[in-house]
Amino acid sequence: NAGVMQNPRHLVRRRGQEARLRCSPMKGHSHVYWYRQLPEEGLKFMVYLQKENIIDESGMPKERFSAEFPKEGPSILRIQQVVRGDSAAYFCASSPDGPGDSPLHFGNGTRLTVT
Amino acid sequence: GENVEQHPSTLSVQEGDSAVIKCTYSDSASNYFPWYKQELGKRPQLIIDIRSNVGEKKDQRIAVTLNKTAKHFSLHITETQPEDSAVYFCAAGSTGAGKSTFGDGTTLTVKP
């Protein structure tokens, strides 16, 4: 089992550009989560998705950020018109069941740098 | 929503000593409590978890205790080794909840 795959590992964007982060969950996992981690800080929940549905997006900023998990293909976290404050590590995780029933399996993260 | 507080934020111990990290949670509906270890520059990985129907769970040098009445749970690492140095995160979730809520992390340093 290949584990949770995230790409790219590193992404550099200029202010105002768009960033697209991709996440393929572990085989058999239909629950996907995105977390943001600033340097030397904790993991902050952004969004929880199941196939084609957003279950909880309470941690995601209302503007510029969006997420999807289509029927086919990886989950995508999209950040439009990036600003320097968006620089962070973005971790995707997946689980076979909901978050109250099974642990999260994390990918290696995408480190976004906005210049 | 759920709020998880974790203490201490940093912990330094001598190799061979024990380390204890504590977390409190606010939502009495939470029934699943995992602990994750994150080494520098790497992804968080599950090290142990406990469900609300048990009070303690042990796996070699690592143990977790849960007090549902007081709404707190703790991670215990015995006979610490330098490779235990990492950031440890607790989390709380409940069946049907939209997310697991994480504590802010504890940076553990084990000095040889």
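Throughout, protein chains are lettered first and strands after them, A, B, ... in sequence-line order, and every chain is numbered starting at 1. Just the heavy atoms: all of them, side chains too, but no hydrogens, waters or symmetry mates, feed the values below.
At most 12 heavy atoms of other shown residues, nucleotides or ligands fall within 6.0 angstrom of atom NZ in B:K22. Residue-environment remark: CD (A:Q81) stays at or below the threshold of 12 foreign heavy atoms within 6.0 Å. For B:Q81, the CD atom is densely surrounded, since the number of other residues' heavy atoms within 6.0 Å is greater than 12. Residue B:R61 qualifies as enclosed at atom CZ: its count of foreign heavy atoms under 6.0 Å is above 12. Within a 6.0 Å radius of CD in A:E63, no more than 12 heavy atoms belonging to other residues, nucleotides or ligands are found. Atom NZ of B:K42 sits in a sparse spot, with 12 or fewer heavy atoms from other residues, nucleotides or ligands closer than 6.0 Å.
For B:Q6, no part lies under 4.5 angstrom from a heavy atom of chain A. Only the side chain of B:Y36 comes within contact range of chain A, with at least one heavy atom under 4.5 Å from a heavy atom of that chain. Only the backbone of A:S102 has a heavy atom closer than 4.5 Å to any heavy atom of chain B. Of the atoms belonging to B:P44, heavy atoms from both backbone and side chain fall under 4.5 Å from chain A. Within the 4.5 angstrom heavy-atom criterion, atoms from both the backbone and the side chain of B:D104 approach chain A.
Taken from CG in A:D97 to OH in B:Y32, the straight-line distance is 10.0 Å, to the nearest 0.5 Å. Separating the CD atom in A:Q37 from the CZ atom in B:F89 is a distance of 5.0 Å, to the nearest 0.5 Å.
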**OP:** For the pair A:Y35 and B:S100, evaluate side-chain contact (heavy atoms from CB on, under 4.5 Å) and give the outcome as yes or no after the intermediate values.
**Re:** CA-CA 10 Å; A:Y35 285 82; B:S100 283; 3.9 Å; yes
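Criterion: ILVMFWY side-chain heavy atoms under 4.5 Å apart, direct or through other members. Under it, B:F33 and B:F102 are not part of a common hydrophobic cluster. In terms of hydrophobic clustering, with Ile, Leu, Val, Met, Phe, Trp and Tyr side chains grouped at heavy-atom distances under 4.5 Å, A:I55 and A:L49 are assigned to different clusters.
The closest side-chain heavy-atom distance from B:T101 to A:F45 is not below 4.5 Å. A:F106 places none of its side-chain heavy atoms less than 4.5 Å from the side chain of B:Q45.
For the set A:V4, A:N108, A:L43, the count of heavy-atom pairs under 4.5 angstrom toward chain B peaks at A:L43.
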